[in-house]
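Sequence lines set the chain letters: A, B, ... in the order given, protein chains first and strands last, and positions in each chain run from 1.
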Amino acid sequence: MTIGVKLNILNRNILRFLYGFAYEPSTDDYLVVVGSYKCYNDYDRVSSLINLEIFSLRANKWKQVEVGFHLPYMVINTNRPSNKVGLFLNGAIHWVVHNHETNIVVIIALALKETTISEIALPNDFCVTYSIQYDLLVLDGLISAWTVDMDTVEIWVMQEYAVHSSWIKTLVFSIRPDPDFFLVYFTNCGDIVGTDGHDELVKFNYTKASC
Amino acid sequence: MAKRRSVHLLPEVITEILLRLPVKYVLRYRCVCKSWLSLISHPNFATLHFHLAASPTHNLLSIGNDCFPETLSIDFDASLNGDSAYVPPILDFMDHQQHPQIGGSCRGFVFLHSDKGFYLWNPSTGVHKQIPRSPI
């Protein structure tokens, strides 16, 4: 006798993660942040809200983040990286996410001292789709958002923290032949460093000054 | 034969000099003698060194997962030529089956997540600490 077991593989939930690591000077503590949510395995449909937890190295304990409202966010999945690493700046960890209730792509900022979450709007023309690489970086101490769409790189800088009108498109350039360019760092010398998708690092200089 | 002159520096002076050197030299100088080893290994030294660092460096750390966790580190603010990639930090507490990935970095420490758990790692000294799993 055979017992048939039907496995509903297509609707299996997959856990997805947001990560962050930060230093909080007021408590002289290192904090690890892990956000998790479930989605179906086609990756673009979410089946849960984000659950955020913080680990304090000093207390050696995990704590669930209670922000008083639910967090309807997910990462728009591009080729890589599969889980999102947050940008630590101004005492907060920042991730670019899709709010699936308002259907808007925003930055969410987790302020570590206050343990609060707020949304920071991206520039109006900032376009993120499944075919576009994007993320946040620090440029001259300010939050910068970048996209790579085919062979065009766009770099925006938020001149004043959390002020939407202060976003300025600082640089647009083309790379040919179009590599699978993913930005990693802005150097002090005005270089843009990225990976080309073939285990090589590429750098572009966007100022005339050189070190 | 020329007579060798030995120079005696006060311990405080040696400390002040070591505090002003880049981290990779300081770590190498732990092998000079026992007193330098204990001086450099003291937790206060690391804190003072971090705060005094005249020009903090920015390194790209890459972990490959092809067959073993191969690491590579490059100093961004150097010229990005091949020779700026110095001795890679050794990730010897994990194997490739754990698929270690970087979840963030801050003040010289790296947060690694893997199939088997979470770790905080200092790539300069090789010291690591496993973080307990979340009970939530």
Side-chain angles (χ1 to χ4, degrees), chain A residues 17-25 28-36 51-57 59-66 80-89 93-95 112 137-138 184-195 199-205 210-211, chain B residues 43-44 46-47 50-51 54-67 70-85 99-115 117-123 127-136:
Chain A
F17 297 97
L18 301 174
Y19 292 107
F21 181 47
Y23 174 72
E24 176 48 47
D28 185 27
D29 197 3
Y30 288 89
L31 305 165
V32 168
V33 179
V34 177
S36 57
N51 178 47
L52 264 184
E53 292 159 74
I54 298 185
F55 176 80
S56 150
L57 185 66
N60 200 39
K61 262 189 205 157
W62 286 94
K63 193 178 78 180
Q64 187 147 22
V65 179
E66 306 283 356
R80 59 179 172 164
S82 54
N83 297 309
K84 208 75 179 163
V85 175
L87 177 81
F88 174 50
L89 190 75
I93 301 180
H94 305 79
W95 298 272
L112 295 158
L137 281 177
V138 177
V184 216
Y185 188 68
F186 296 114
T187 71
N188 296 341
C189 316
D191 292 324
I192 300 170
V193 184
T195 56
D199 301 328
E200 297 272 343
L201 283 176
V202 191
K203 74 168 178 180
F204 294 90
N205 195 286
S210 61
C211 293
Chain B
N44 283 351
T47 312
F50 181 83
H51 288 294
S55 54
T57 55
H58 298 97
N59 290 290
L60 171 70
L61 176 71
S62 150
I63 300 179
N65 270 323
D66 291 343
C67 50
E70 186 185 18
T71 59
L72 181 70
S73 174
I74 288 172
D75 185 344
F76 271 129
D77 299 316
S79 60
L80 278 184
N81 292 326
D83 59 356
S84 67
H99 299 108
Q101 288 186 44
I102 296 167
S105 66
C106 181
R107 292 162 50 107
F109 295 103
V110 177
F111 162 50
L112 296 169
H113 58 90
S114 77
D115 297 348
F118 297 146
Y119 299 85
L120 296 184
W121 179 44
N122 182 341
V127 174
H128 75 277
K129 178 189 164 74
Q130 185 164 14
I131 299 178
R133 280 186 185 276
S134 161
I136 305 161

- [ ] Could you list the residues that satisfy salt bridge (Lys or Arg N to Asp or Glu O under 4.0 Å) with A:D28, not counting sequence neighbours?
- [x] A:R58
Do you know the tightest heavy-atom contact between [X] and [Y]?
| X | Y | result |
| --- | --- | --- |
| A:W62 | B:R133 | NE1-C, 3.5 Å |
| B:I102 | A:V85 | O-CG2, 3.4 Å |
| A:A22 | B:C106 | C-SG, 3.8 Å |
| A:F21 | B:F109 | CE2-O, 3.6 Å |

- [ ] Sequence neighbours left out, what passes side-chain hydrogen bond (donor to acceptor under 3.5 Å, both in side chains) with B:T47? Give chain and number order.
- [x] none
Task: Interatomic spacing from NZ in B:K129 to OH in A:Y30 - rounded to 0.5 Å - done: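 Between atom NZ of B:K129 and atom OH of A:Y30 there are 13.5 Å.
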- [ ] Could you have a look at B:G104, B:S105, B:G103 and say which one has the most heavy-atom pairs with chain A under 4.5 angstrom?
- [x]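 Going by pairs under 4.5 Å, I would pick B:G103.
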Open item on the list: Test side-chain contact (heavy atoms from CB on, under 4.5 Å) on B:H113 and A:V34; report intermediate values, then the result.
Closed with: CA-CA 10 Å; B:H113 58 90; A:V34 177; over 6 Å; no
Task: Per-residue contact mode, A:F55 against chain B (heavy atom under 4.5 angstrom) - done: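 Contact with chain B involves the side chain of A:F55 alone.
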- [ ] Would you mind checking which part of A:L18 comes under 4.5 Å of any heavy atom in chain B, side chain (CB onward), backbone (N, CA, C, O), both or neither?
- [x]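 The answer is neither part of A:L18.
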